Each structure stands twice: as structure tokens, then as C-alpha cells.
Amino acid sequence: MRSYLGTEGRPNVLTRRYAARHGAEFLQAPWCNITITEAARESGNGLAVLPDGDRAYTIWHAEDGRDLGRWHEGTVQSIRRFAEPGAIVFFDWAGTNTIAKIDHVGIIEKVLDDGRIQTIEGNSGDACKRRVRSAGVIAGFWNPPYTADAPKDEVEVLVAKMPLLKVGAKGTAVKRAFYLLMSHGYGIDPGVYDDMTYTRAMGEKVAAFQKAKKLTADKEIGPLTWAALISAS
């Protein structure tokens with residue numbers, strides 16, 4: 001993240017990298033979470049920081065941490081007790097601790113004695129800058145499970161954790177598949193997405209995605225389909 005300080009404007013080196021994988025619309029997109037994604041990839045920490053693949057949308061990235069059981073609300077007490085350098089920190093300029101209202105994201109560089117934090121943030125005034133933030137604008141944060149022995153093939157590790165999904169399946173893996181499909185342009189009306197249930201409508205999108213990737217269009221999300229979803233998500 002420090003190496004990106006001073007990056008400004010768009011497109012820039014970070015939005016170009018992300019757009020090369022996900023589409024030209026990201027060249028001019030808000031790039032705070034794109035910065036986190038590219039830093040994680042470049043530093044070999046993708047598995048820890050991006051448990052469900054690349055992220056450009058802050059709310060989904062916050063939900064990734066919550067789903068791992070690592071989410072902490074942005075109170076002074078939580079910051080003093082749990083925040084660590086390298087934590088992904090999310091902001092709501094309206095001052096709530098509500099994930100759905102998150103506006104912005106950065107990385108904690110230092111936890112200050114007074115309960116504030118020093119951060120590095122992409123797309124802060126359309127530049128990558130250091131900032132000092134107080135709990136009043138921090139919605140929450142989560143500490144990725146960093147390790148010095150991160151696996152080299154992160155996609156393989158992620159796929160190994162994923163269950164076989166068929167129409168009618170339920171659970172958080174369905175939610176992950178839903179978001180991954182959306183990131184590839186195969187999203188469905190959220191109203192059709194029923195309480196983390198794999199619906200028939202979602203199955204049709206899976207089949208279309210499988211055909212595009214030259215996979216068997218059986219509507220089942222097994223290892224090959226998971227790998228295709230995650231590898232460029």
C-alpha cells in the first residue's frame with residue numbers, strides 16, 4: 001500500500017490492472033477497494049484479504065470479513081482492543097456502523113494511542129493518501145488471517161473449501177456464488193435471490209456462465225465452475 005502513495009487520477013495503474021481482468025468499466029470506477037485488491041495480489045496476500053476473490057465493491061468486501069467471523073464495529077473500544085496494522089477498515093461518512101451504508105475503505109497502517117487510526121486509502125480525493133480517522137466515521141474493520149506461508153495456488157485452496165451446489169441448496173456458499181456470478185456479468189434480480197437459496201433463476205445464469213467458459217452446462221457449481229468463478233472474480 002505504501003508503494004501506491006501518490007497514485008492519482010483515473011485511469012491509473014491500479015484501475016488498469018483491475019479492468020484488464022474485469023472489464024473496461026473499471027478504468028474510471030471508484031478505486032478505493034480496487035487499491036486493496038491490487039495490493040493484496042501484488043504482496044501475495046490474496047487468499048487472506050480476498051477470501052471470495054477480487055473486490056471493487058466495499059460492502060461485499062466488508063461482508064467477506066463478517067462471514068469469516070472477523071468483523072468488528074468501528075467503536076473506540078473495538079479499535080483499541082482488536083484493530084491491527086493491515087486490517088481492512090471501512091467508513092460510513094454518515095457515522096453509522098452499518099455495513100450496508102459503507103462509503104469507503106482503506107488499510108490500517110497504525111493504531112494511535114487516542115483510539116484514532118492512521119490509514120492508507122486509495123481514491124481519497126482521487127489519490128492514494130495517508131489519513132488519520134476517528135471512530136466517528138469508521139463503520140467497522142476486519143483483520144485478515146495473514147500468514148508468512150500463504151499457499152501459492154490461492155484459487156485451488158479456495159475451491160477446495162467450496163461445496164457442490166445444486167438448485168435448492170442453501171447457505172453462505174450460495175451467497176458467494178451469487179456475488180461471483182454478478183461480478184462476471186451474470187447477475188439476477190436480487191428479489192429472485194431468496195434468502196441464500198440456490199434458485200432456478202440462478203441456475204440458468206450458472207448454465208450461461210458455464211457455456212461461456214466451455215464447461216458442461218449442468219447448472220451444478222462444482223470444482224471447475226468454482227475455479228472459473230473465483231479465478232477472475
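This one's a predicted model, so the numbers in the text were calculated from it and none came from an experiment.
We find the CG-SG distance between Leu14 and Cys128 to be 7.5 Å, quoted to the nearest 0.5 Å. One finds the OG1 atom of Thr199 at 8.5 Å from the CZ atom of Phe178 (value rounded to the nearest 0.5 Å). Here the straight-line distance linking atom CZ of Arg130 with atom CE of Met1 works out to 10.5 Å at 0.5 Å rounding. In this structure, Ile88 CD1 and Thr119 OG1 are separated by 13.5 Å, a value rounded to the nearest 0.5 Å. Rounding to the nearest 0.5 Å places CD of Glu109 at 11.0 Å from CD of Glu121. Rounded to the nearest 0.5 Å, atoms CZ (Arg116) and CD1 (Ile138) are 10.5 Å apart.
Across all non-hydrogen atoms, the minimal contact from Pro163 to Trp226 is O-NE1, 2.9 Å. Scanning all heavy atoms of the two residues, the minimum distance from Leu68 to Pro51 falls at CD1-CG, 3.8 Å. What you find for Ala62 and Trp71 is that their closest heavy atoms are CB-CZ3, 3.7 Å. The two residues Arg16 and Pro11 make their nearest non-hydrogen contact at NH2-CG, 3.7 Å. The two residues Ala127 and Glu8 come nearest to each other via the heavy atoms CB-CB, 3.8 Å. For the residue pair Ala139 and Ile102, the shortest heavy atom distance occurs at CB-CG1, 3.9 Å.
Asn97 contributes no side-chain N or O that, together with a main-chain N or O of Glu73, makes up a donor-acceptor pair within less than 3.5 Å. Judged by distance alone, with hydrogens and angles left aside, the side-chain atoms of Asn45 form no donor-acceptor pair with the main-chain N or O of Val49 at under 3.5 Å. Proximity of a side-chain donor or acceptor of Gln210 to a complementary backbone N or O of Lys219 within less than 3.5 Å is detected.
Cluster annotation: Val159 is connected to Val206 through the hydrophobic network of ILVMFWY side chains, with a link wherever side-chain heavy atoms come within less than 4.5 Å. In this structure, Leu215 is not a member of the same hydrophobic cluster as Tyr186, with clusters built from ILVMFWY side-chain heavy atoms closer than 4.5 Å. Under the 4.5 Å side-chain heavy-atom criterion for Ile, Leu, Val, Met, Phe, Trp and Tyr, Tyr18 and Val13 are members of the same hydrophobic cluster. The cluster map of Ile, Leu, Val, Met, Phe, Trp and Tyr, joined by side-chain heavy atoms under 4.5 Å apart, puts Ile59 and Leu180 in the same cluster.
For the pair Arg41/Asp54, a side-chain contact is recorded, criterion being any heavy-atom separation below 4.5 Å from C-beta on. A heavy-atom distance below 4.5 Å is not found between the side chains of Tyr4 and Ile120. Between Thr37 and Arg21, the closest side-chain pair of non-hydrogen atoms falls below 4.5 Å. Between Pro145 and Arg70 the shortest side-chain heavy-atom distance falls below 4.5 Å. Two residues are said to be in side-chain contact when any heavy atoms from C-beta on lie closer than 4.5 Å; Ile34 and Glu38 meet this criterion. At a threshold of 4.5 Å between non-hydrogen side-chain atoms, the residues Arg55 and Ile36 do not count as touching. Between Thr15 and Gln28 there is no side-chain heavy-atom pair separated by less than 4.5 Å. Side-chain contact between Asp126 and Arg10 is present, with heavy atoms from C-beta onward closer than 4.5 Å.
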| How far apart are the C-alpha atoms of Ile221 and Leu229, what are their side-chain angles, what is the distance that settles it, and do they pass the side chain to side chain contact (heavy atoms under 4.5 Å, CB included) test? | CA-CA 9 Å; Ile221 306 179; Leu229 285 168; 4.2 Å; yes
Determine whether Glu63 and Asp52 satisfy the following criterion, side chain to side chain contact (heavy atoms under 4.5 Å, CB included), listing intermediate values before the conclusion. CA-CA 10 Å; Glu63 290 176 338; Asp52 288 323; over 6 Å; no
- Item | side-chain hydrogen bond (donor to acceptor under 3.5 Å, both in side chains) between Thr216 and Asp218, worked out | CA-CA 6 Å; Thr216 302; Asp218 58 7; 5.7 Å; no
Before giving the answer on side-chain hydrogen bond (donor to acceptor under 3.5 Å, both in side chains), spell out for Glu84 and Tyr146 the whole-Å C-alpha distance, their side-chain angles and the decisive distance to 0.1 Å. CA-CA 11 Å; Glu84 300 174 359; Tyr146 294 113; over 6 Å; no
Before you tell me yes or no, could you show the steps for Arg17 and Glu42 under side chain to side chain contact (heavy atoms under 4.5 Å, CB included), namely the whole-Å CA-CA distance, both residues' side-chain angles and the distance that decides it to 0.1 Å?
CA-CA 11 Å; Arg17 286 180 196 163; Glu42 187 174 357; 3.3 Å; yes
- Take Arg66 and Ile99 through the test side chain to side chain contact (heavy atoms under 4.5 Å, CB included) and record every step on the way to the result. CA-CA 9 Å; Arg66 182 196 62 193; Ile99 288 178; 3.9 Å; yes
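By the neighbour-count criterion of 12 heavy atoms within 6.0 Å, atom NZ of Lys101 is sparsely surrounded, having that number or fewer from other residues, nucleotides or ligands.
Using bins of under 30°, 30° to 60° and over 60° for the plane-to-plane angle, the ring pair His61/Trp142 lands in the perpendicular bin.
The only member of Trp31, Phe91, Phe90 that meets ring pair (Phe, Tyr, Trp, His ring centres under 6.0 Å) when paired with His104 is Phe91. With Ile117 as reference, Ile79 is the one residue of Ile79, Val132, Leu112, Ile107 to meet the side-chain contact (heavy atoms from CB on, under 4.5 Å) rule.
Counting only residues at least two apart or on different chains, the ring pair (Phe, Tyr, Trp, His ring centres under 6.0 Å) pairs with a member in residues 39-58 are Tyr57-Trp60.
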